[in-house]
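A note on names: the letters A, B, ... follow the listed sequences, proteins ahead of strands, and every chain is numbered from 1.
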Amino acid sequence: MSDKFREYKQLDLSQINKDVLKRWEEDDTFHKSISTREGNPTFVFYEGPPSANGMPGIHHVMARAIKDTFCRYKTMKGFRVHRKAGWDTHGLPVELSVEKSLGITKEDIGSKITVEEYNAACRREVMKYTKEWEQLTRQMGYWVNMDDPYITYDNRYIESVWWLLKQLFDKGLLYKGYTIQPYSPAAGTGLSSHELNQPGCYRDVKDTTAVAQFSVIRDEKSEFLYEGVDSPLYFMAWTTTPWTLPSNTALCVGPKITYVKVKSFNPYTGEPMTVILAKDLLASHFNPKNAEIPFDDYKPGDKKIPYQVLEEYTGAQLAGVNYQQLIDWVKPDGDAFRVITGDFVTTEDGTGIVHIAPTFGADDDRVAKQNGIAPLLVIDKDGKKQPLVDKRGRFYTIEEMDSAFVASNVNAQSYGEWSGRYVKNEYDETLDESYSTVDVDLSVMLKKDNKAFKVEKHEHSYPHCWRTDKPVLYYPLDSWFIRTTAVKDKLIALNNTINWKPQSTGTGRFGNWLENLVDWNLSRSRFWGTPLPIWRTEDGAQTKCFGSVEELFAEIEKAVAAGVMDKNPYAGFEPGQYEPANYDKIDLHRPYVDDIVLLADNGEKMFREPDLIDVWFDSGAMPYAQNHYPFENKEKYQPAEGRGVFPADFIAEGVDQTRGWFFTLHAIATMIDESVAFRNIISNGLVLDKNGNKMSKRLGNAVDPFDTIEKYGSDPLRWYMLTNSAPWDNLKFDVGGVDEVRRKFFGTLYNTYNFFALYANIDGFSFEEDEIAVAERPELDRWIISLLNSLVKEVSESLENYEPTRAGRAISEFVNENLSNWFVRLSRKRYWGGEYDKDKLSAYQTLYTCLVTVAKLAAPLAPFYSDQLYTDLNKLTGLEPDQSVHLAEFPTANDALIDKDLEQKMDIAQRASSMILGLRRKERLKVRQPLAKIMVPVLNGRFKEQFEAVENIILSEVNVKEVEYLTDTAGIIKKKIKPNFKTLGPKYGKIMKQIAASVAQFSQTDIAELEKNENFSLNVADQQVELTPADVEITTEDIPGWLVATEGELTIALDINISDELKQEGIAREFINKIQNIRKESDFEVTDRINVKIMKHDFYNQAVENFKDYIGSQTLCEELRLVDSLKDGEGQLVEIDQDVEAGIVVEKNR
RNA sequence: AGUCCCGUAGCUCAGCUGGUUAGAGCGCUACACUGAUAAUGUAGAGGUCCCCAGUUCAAGUCUGGGCGGGACUACCA
């Protein structure tokens, strides 16, 4: 063990990073931080699994710094912290990068490459950057348990996921339905949004559009609309796809949009009518000039059609009104033909009323479901429900429909001629461009039926299939869904119990998302992912969902026994045996599961539903699947005592996960356990480049975390990210800021430590003396201890509230402003020279305590340097029982040591000193020149008492001999008065401005009177105003005839007359300074004794003689002589005053 | 398009429940200090608190509406 505190030549945080890492590894500190908390309450953290198929970026440092900070903090608070690492391994990005690296497309899977080979490639690809990730985790000091990470492709993980799906299936929350997706009839395939966003897919095309008239049904719900109406009443709705009109089942209005009822004539038939449309769009359908035309003058066929606005309604009022089906081909089953409201409705184009065909529009489908509107479906020969248009893009033929359905629901007469027609001519190779389209023919039909208001060509952007160049349809496709809407209320209720940081994300983005919840579409047509564990007979009548490998294994055995399968592909697997080796024998991925054919209870064959599940389900399942629950670790979920591993106390990820991981965690936990998955959450913002642009490799503005850590060390990087802006604000990342943190915060802290070490080593301080009671320590020490305890309080509160930014900023402010710039600066003299007395000891003990406490407070945020600082301090003193700061207990504040009055006093001292230094500078009076006195006007006793307490500190700081307190009896102080708006405002309100004006006019006599009587009456705007001292702020402004500075309520005058005595002392201090410089330049040890010779000069001979002892004591000079001359080349010249130079020789005393 | 975040000095950010000279750091300029020394201190210059309306005696702060940047979710008659 060393007998000295370690001293540094310079601060190398990058090296410290490496040293500390090495020590952590040698001492196994991370595991100790858990094992030493054995039996304590747990703190559960969930790691949102990253995908290792991409390189980690600087933004990962951000999220992980936050995570790490709170896990370390809770550890220091005594909790046993759970934090298991994990990897997200499934999904489209993996598939895409495999395809890129193999140079294949999805088309090639199964032909150029087998599914087996493809999957094997995915498995390799997904862990490609594991090493880099682990390295970053290590280097940045992110403590997470990587011994046994969860991996979503692992069979055991998948098994837990299956178990969860089975629970949902059993609860009736898993069902097969459809969703509206882009679909290419020509290619016979659904398209992903990714494919749709290929260049050239959206093209401007001219389509026939129609404004149709939907006839209102007159009943009690619509009666209010008939006021003043004497012709048939219609809603008007516009569509760019008239072929969807036969599938219309609702009309949608904006609840806040204003609609008008207009009396006019149908332009094609000339029939009188009354129509409803959005007020904002009136002018685009009715020419305002025609409003003047008398109705009687109108004849059918006239170009100018008169109209008259009868009434206005809001969309909300229209909701619920029923209308007649526009085209009566097929009757829907269920509620339909009703006006509903939707927020997405605008008045930008059309009529402000949107035609809803739930089978052919995503918005339509959603809004219809929310309002209980049925889609228009037909039943085919197999008994399956189908939209009116089949997958080839044709209206279903009557022959292909179920005959009973045709009899009950289909109007064969009107539908007949349309049956089998392609809705887009492009789908029929035999048709040329001249052939009229369904859109046109339907529009013509509507015109004839008095149901069309306007039919015209309209150019708009429409998506096309990138493979066939033909238009895409939005089409319902089969998918498996989780019925999250069934638990919507529960989701919302549970969300309200979660502590969101920031709160607005929880109530806003996340809360709104829950309010507008739709069922979770679980299906993905992919290859690399968790397969849906559902087998069905071909007709879909029999369904089995498996919640474990064991169940599936048993069914396979049954199928093999019945001869449905040749052999069990999972033969050799031992059900119920949970060793990894056992699970390595099987593969639950495609294509292996696809080959499994099972036997239904009725003897039919069952095939797996080919979909994979949404990868978000994988990650949302991690609270369970990371522990292979419920197959293993079941006891951790229902612990006999204390807390188990569910739910999490804390999670943190980017705000982009709100509808991703945050939602899936929340949804799964709610559905499985009616519990939250996490209690506290920080959703952090993005890391942008310094100009506020998104970082990307392509733009070359991405910052490499490894380089940054290598250069600066992790601590400044982490500190910068955590303190520069609140975690939930976006961070404009600027390396310059990291460097600033290094200099400002770590540099200062390091300097403070080094200063301490330097003198402590000289004096042999090792904190072996008894601790001096705080009450017995000097004012300055009690002050910094008070601030330190206030700091502990603030940091603890901030971290308890998940606000790392506040914590970090408070620590930094303490270290820079108070500890270094005030405490150490004022205490310097206490450390160097002099006796090793109680004051010196107190100075050491106080500084030591501050440093070690700061190390602990900063440890969660800056784990490396804090540990180094802690270790350097503790190595010698052995005061702390723990070998690492991360095993130590987090400090707790001692309220008894917080002295707000003292903090106030020191604040006065700091401000007074800086004001006096300001005055000196103005007069070009060096601080080395002592001055006689300062004068301070005193307005009340309390102020005087406070000032007196810190008088000596101020005087020595500014090098002035004494303070003179001025009471105002002498009348030499000029005062200033200002109204106190906070007290007067509420009392006098409106006349506040006049009062302020009157008060500003107060004379010195007025002010004196107010102070004396503690009351002053004013008459303002015929109102009596009573002022008490509390209603005004009286400050001193000036002391005529003196050099004065004023700041707030503090006024100080400086006496700048310099007596001979003072002048001499100034000269003496000048010499001290010069001699000290020479000592330093000559590389003398701080403790070396010296002899000094000074060549005589009338300017300073007297001063040197008079202050000989003083100079000697300050510079450790044994012998100080004034000499007549110096030898040539001996000594050096120093400037003592303007144009006065002294020859001086400084020698070591041997 | 909807939801959410952000907009204060050249840059990065504070500014608590509204209260009258709008702050800090960096950068710039000047000066000072000096046995913490590749440090440090003090000051100066630098502001349309994004814009417009409203509430109020009083708005950087509250309300409404815009504008700009960003994120997510949707893609539409």
* Structure fact -> With the side chain defined as heavy atoms from C-beta on, A:Ser504 is closest, among B:rU73, B:rC13, B:rC4, to B:rC4
* To do: Using the P atom as the reference point in each nucleotide, state the distance between B:rG18 and B:rA59 in Å, no decimals.
  => 13 Å
* Asked: Does the distance from a Lys or Arg side-chain N to an Asp or Glu carboxylate O, for A:Glu813 and A:Arg809, drop under 4.0 Å?
  -> no
* Of A:Arg828 and A:Glu1070, whose closest RNA chain B nucleotide lies nearer the 5' terminus? -> A:Glu1070
* Asked: Nearest to the side chain of A:Asn751, which nucleotide is it out of B:rC72, B:rU12, B:rA36?
  -> B:rA36
* Asked: At under 4.0 Å between heavy atoms, what does A:Asn724 touch on the DNA or RNA strands: base, sugar-phosphate, or nothing?
  -> sugar-phosphate
* To do: Taking atom P in both B:rG25 and B:rU63, compute the distance separating them and give it to the nearest angstrom.
  => 32 Å
* To do: Give a yes/no answer on whether the side chain of A:Lys744 brings an N or O atom under 4.0 Å of OP1 or OP2 in B:rG25.
  => no
* Distance-only polar pair, side chains of A:Thr244 and A:His355, donor-acceptor under 3.5 Å -> yes
* Asked: Does any donor atom in the side chain of A:Asn495 or A:Trp500 lie under 3.5 Å from an acceptor atom in the other side chain?
  -> yes
* If you find the nucleotide of RNA chain B closest to A:Tyr720 and the one closest to A:Ile353, which residue's nucleotide is nearer the 5' end? -> A:Tyr720
* Structure fact -> From the candidates B:rG19, B:rC13, B:rA71, the one with an atom nearest any side-chain atom of A:Val655 is B:rA71
* For the side chain of A:Tyr474, starting at C-beta, report the closest nucleotide among B:rA36, B:rC76, B:rC5. => B:rC76
* For residues A:Thr748 and A:Asn816, is any side-chain donor paired with an opposing acceptor at under 3.5 Å? -> yes
* Atom CZ of A:Phe510 and atom C1' of B:rC72: how far apart are they, to the nearest Å? -> 13 Å
* Asked: With rounding to whole Å, what would you report as the distance between B:rA53 and B:rG60 at their P atoms?
  -> 14 Å
* Within the pair A:Tyr753 and B:rA36, is there a side-chain N or O less than 4.0 Å away from OP1 or OP2? -> no
* **Minimum-distance nucleotide (side-chain atoms of A:Arg659 versus B:rG19, B:rA36, B:rC72)** => B:rC72
* To do: Remember a base hit wins even if backbone is also touched, and classify A:Asp734 as base, sugar-phosphate or nothing at under 4.0 Å, heavy atoms.
  => nothing
* To do: Take atom C1' in B:rA30 and the same atom in B:rA71, then report the distance between them in whole Å.
  => 45 Å
* To do: Give the nucleotide from the list B:rG19, B:rA36, B:rC13 with an atom nearest to the side chain of A:Lys982.
  => B:rG19
* When rounded to the nearest Å, what value does the distance between P atoms of B:rG23 and B:rG47 take? -> 14 Å
* Indicate, with a heavy-atom threshold strictly under 4.0 Å, whether A:Arg743 touches base, sugar-phosphate, or nothing. => sugar-phosphate
* Which listed nucleotide (B:rU3, B:rA14, B:rC26) is nearest to the side chain of A:Arg809? -> B:rA14
* To do: Could you give the distance separating B:rC57 and B:rA14 at their C1' atoms, to the nearest angstrom?
  => 28 Å
* To do: Would you kindly say whether A:Asp763 and A:Tyr759 are connected by a side-chain donor-acceptor distance under 3.5 Å?
  => no
* Asked: Of the nucleotides B:rC4, B:rG70, B:rU40, which has the atom closest to the A:Leu686 side chain?
  -> B:rG70
* Asked: Heavy-atom distance under 4.5 Å between the side chains of A:Leu722 and A:Thr805, does that happen here?
  -> no
* Touch check for A:Thr239, heavy atoms < 4.0 angstrom, all strands: base, sugar-phosphate only, or nothing? -> sugar-phosphate
* Assign A:Asn1073 to base, sugar-phosphate, or nothing according to its heavy-atom contacts below 4.0 angstrom with the strands shown. => sugar-phosphate
* To do: Could you tell me whether A:Gly737 contacts a base, only the sugar-phosphate backbone, or nothing, with contacts defined as non-hydrogen atoms closer than 4.0 Å?
  => nothing
* To do: Return yes if a side-chain donor-acceptor contact under 3.5 Å exists between A:Ser827 and A:Arg830, otherwise no.
  => yes
* Going by modelled atom types, is there a donor-acceptor pair between the base of B:rA36 and the side chain of A:Ser820 at under 3.5 Å? -> yes
* Among B:rG70, B:rU12, B:rA36, find the nucleotide with the atom closest to the side chain of A:Arg825. => B:rA36
